[in-house]
**Q** 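Have a look at the structure that comes next, please.
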Amino acid sequence: MKIKNNIAVSDNGFIFNPASGESFSANPVGLEMLNLLRKGKEAEEVIREIETKYQVDSSTLERDLNDFIEMLKQYHLTVIDDE
Amino acid sequence: MTTKLRYERPIIKKLESNMPNKFGMRTEFEPVTHIDNVSVNSLIEDFGSPVFVLSERKIRKTFNQARQAFETRYPRVQFAWSYKTNYLSAVCNVFHQEGSWAEVVSGFEYDKAIKNGVDGSKIIFNGPDKTEEDLRKAITNNSLIHIDHLDELYLLQDIARSTRQRPKVAIRVNMDTGIYPMWDRFGFNYENGQAWDALNKIMFSGQMDLVGLHTHIGTFMLSPNAYAVAASKLANLAQRVQQKYNHEISYIDMGGGFASRNTLKGSYLPGIDTNPHIDDFAEAITSALINSEYRPKTPPLLILETGRALIDEAGYLLGSVIANKRLSDGRRSTILDIGVNLLFTSFWYNHKVTPAQEFTSYTEDTVLYGPLCMNIDVIRESISLPLLNKGDKVVVHHVGAYNMTQWMQFITLRPKVVMIDLDSKPHVIRENESLNSLQDFEKIPQHLANFEL
Amino acid sequence: MLTIAVTGLNAIDSPGPGVAVIRGLKEAKSFDCRIIGLSYESLEPGIYMHDIVDKTYQIPYPSTGTDILMSRLMYIHEKEKLDVVIPNFDAELYSFIKLAPRLKEKGIHSFLPTMEQFEERHKVNLPAFGKKYGIHVPRSTSIYTPNEMLQLEKDYGWPLVVKGKYYDASLAYNFDQAKSYFNKISAKWGFPIIIQEFVHGTEYNVTGLGDGEGNTIAAVPMRKQYITDKGKAWGGISITDKKALTLTTHFLKETKWRGAFELELMKNKDGEYYLLEINPRIPAWIYLAVGVGQNIPEALTRLAMGWKTDAYESYEAGKMFIRYAWDMIVDLHEFEQISTKGEL
């Protein structure tokens, strides 16, 4: 799973997909996850990084990250394998 | 070591670039963490989840506001607590302590009022289903019997004749008050002369004391003016009785049906802003009575059987998040341990639901489901809520009316009901059901007692 | 210098009046003002018109309830020190009327109809309204089932106007059509459905301002010249129509209307006027009134402030307004600001 590389993300959580013209907003945890994913980090690494910063356990994180990635897919912000 | 940041689950929301439109979502997530100074978390810890909570303070306050609304406008006012709205004895007794009589609609409710210690002469007996045994009891206790149909009127006459007792009666009148739907299934119709006819029958029989006139024009009424129409029509009947028989009707019972602060499904603005206040109803009813032509020596006692508007706001249902789920179209759904079996009123209200802990301003549109394995178990079709996690607590507001009487034992067991007293001390006023308490009602025939699998 | 908050910045094909109101305020001769825009959606064009709107804040939808609206307005007030608020949407009027006394306590003035006036002029109440004030209105009946139309079809004849409680109106030429509108509109706006007799004729509109004591402060009649498929005027002309003005003066005198309004009138072939609807707010074409000499937004602001306000005596007839659409170029950054921060 990779995030499309042309996605613009601002510091306050505003996300713009120049290809589709759609814009989105994310909360701070969502923004952080998105930025880590954009750097090409794997899910395990994302979980590890977030876990060191926030009061949360890894199983909750894993579930939430999966859900978040589902939403990114639904919004066409990820690269589909054969693209 | 650095302290870690508070975690909130991640969300990403599409910014809808719709054309500006006039209708949108409500955000109502101001957390409610305490009820009468008792924390929601401790209530759930001590009494389980879900749990119904009633505020004694709120009941008394609402009642006194209502009493004041009427007493400042009319000299003789009497409230009668509508048992079917909430007949937990603790609740009834708060109202009785405040001076309310009892208004009952079945033999069961009648017996409950007697058992609570209400004097028989202060029980109003309404409804289409009163058995002969019920009526005999009510006559002996001097209760106020509100006749619903002619069969009941004849039965009362027979009992009166055979027992040589004089029943104290009123008739229930239905009428056109300009609202829809018109309730014409209870009582005698005003416009077509049924009501006048019934009054004549009572007066002619000479065996009953015609003491009052009663109406109840509908439920969750949003139009105070309809009550003004109803009050003038009852006053008109009273005046005709006085003219023809020189007999004074001693009370006019306007029933109930005042809207509470809940928001009906399909309404755009929240009920708390738009629904008429008790003062509006009081103004409509009392001015209609005062301006009417009925002028007895003492003004008739004005009886009110308001239920919902007096108890709805005092009731809360606390519960917990069981799970979060994503639906096939990407919508968020949240499953609570509160189902429609407990929250019957979610079929017609958009109940206000708030989290019981602090949140950031990020929200998500959510469907709120109950725990039942039934498709109809939906508490809110769409609500904007902060990012709830499994185990988080929520408060459903304005649930005091009807839920604790119409609830069902279905799939799950009914929870405890707790009342918080004036000193912020919670008391269990109804225990939760258990497998045993339910099994006690059942009997298994001998041949079904055993099986092998 | 007054600070005035204005809603209805959606200058789109079915426009809100906000931008036109602001243009009137900016041209006011008797005061200078700063404009604070209040928006519901991020794409309301007025948000991005920085030459006439100094700053915009998003506010919660009316359906959120007055308490949440009040706290948002207090946040804005703290930053901007509002003197006057002019709400322009039908759907928000209830909340602003309700909040008016609380806002006034905080120093925010408004000049709105009373709650009684607001309720009384509802479509559902129009027959009673006409009777009470001696104003011709088309016959109409509130119904709850399609079958009730069978009687009305005999009384009113075809076509019939099928109207929703708050919005929507369709002209039906036969029972099947009427039934389908009945179902469509009731699904959206609930009951009752209002069935109105159709009056053939020419439609006129009057916008004006009443001082709450029965006096006419302003009144300008207009005839629509071009109507969009959404029924909105895209062009119109100011006219001298004695009867329409007499009717307006009568309406204001009888109802003691407080605030701005728009009357929708229909003149039948015999020259009789029927009142079709009363909009309890400034209409989107208000700039025509400003252009012909009656600056209603200015006068309304003066009344709100409690200042002495003279009635306008005349206006220029035969002036037209022609609406046009205009593409602004907006940086995405601005959209980001209003969408994520709710302020721009």
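Order of the sequence lines fixes the chain letters, A, B, ..., with proteins taken first and strands second; residue numbering starts at 1 for each chain.
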**Q** For B:K4 and A:E51, work out which heavy atoms get closest and say how close.
**A**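 Closest approach of B:K4 to A:E51: NZ-O, 3.0 Å.
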**Q** So how far is it from B:Y7 OH to A:T60 OG1, rounded to the nearest 0.5 Å?
**A**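 The distance works out to 7.0 Å.
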**Q** Do the side chains of A:R63 and B:R9 get nearer than 4.5 Å, heavy atoms only?
**A**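 No. Closest side-chain heavy atoms not under 4.5 Å.
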**Q** Do B:R332 and A:D67 sit within salt-bridge range, that is, some charged N less than 4.0 Å from a carboxylate O?
**A**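 Counted as a salt bridge, because a side-chain N and a carboxylate O are separated by less than 4.0 Å.
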**Q** When rounded to the nearest 0.5 angstrom, what is the spacing between CG in B:L5 and NZ in A:K53?
**A**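 The CG atom of B:L5 sits 6.5 Å away from the NZ atom of A:K53.
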**Q** Please check if atom CG in A:D57 has more than 12 non-hydrogen atoms from other residues, nucleotides or ligands closer than 6.0 Å.
**A**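 More than 12 within 6.0 Å, yes.
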**Q** Assess whether atom NZ of B:K265 is packed by more than 12 heavy atoms of other residues, nucleotides or ligands within 6.0 Å.
**A**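 Buried by this count: over 12 neighbours within 6.0 Å.
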**Q** In plain terms, say whether A:E22 and B:K14 are close enough for a salt bridge, that is, a side-chain N and a carboxylate O under 4.0 Å apart.
**A**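 The answer is yes: the pair qualifies as a salt bridge.
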**Q** Does A:N6 have more than 12 heavy atoms from other residues, nucleotides or ligands lying within 6.0 Å of its CG?
**A**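 Count over threshold, so yes.
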**Q** Does B:K13 form a side-chain contact (heavy atoms from CB on, under 4.5 Å) with A:M71? I'd like the steps, not just the answer.
**A** CA-CA 9 Å; B:K13 264 203 299 200; A:M71 289 314 289; over 6 Å; no
**Q** Are the side chains of B:I11 and A:F68 in touch, meaning some heavy atoms are under 4.5 Å apart?
**A**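 A side-chain contact under 4.5 Å is absent here.
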**Q** Taking 4.5 Å as the heavy-atom cut-off, does anything in residues 26-45 of chain A contact chain B, and if so which residues?
**A**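 If one takes a 4.5 Å heavy-atom cut-off, the residues of residues 26-45 of chain A near chain B are A:A26, A:N27, A:P28, A:V29, A:G30, A:M33.
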**Q** Side chain, backbone, both or neither: which part of A:Q55 has a heavy atom under 4.5 Å from chain B?
**A**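 When you check distances to chain B, atoms from both the backbone and side chain of A:Q55 fall under 4.5 Å.
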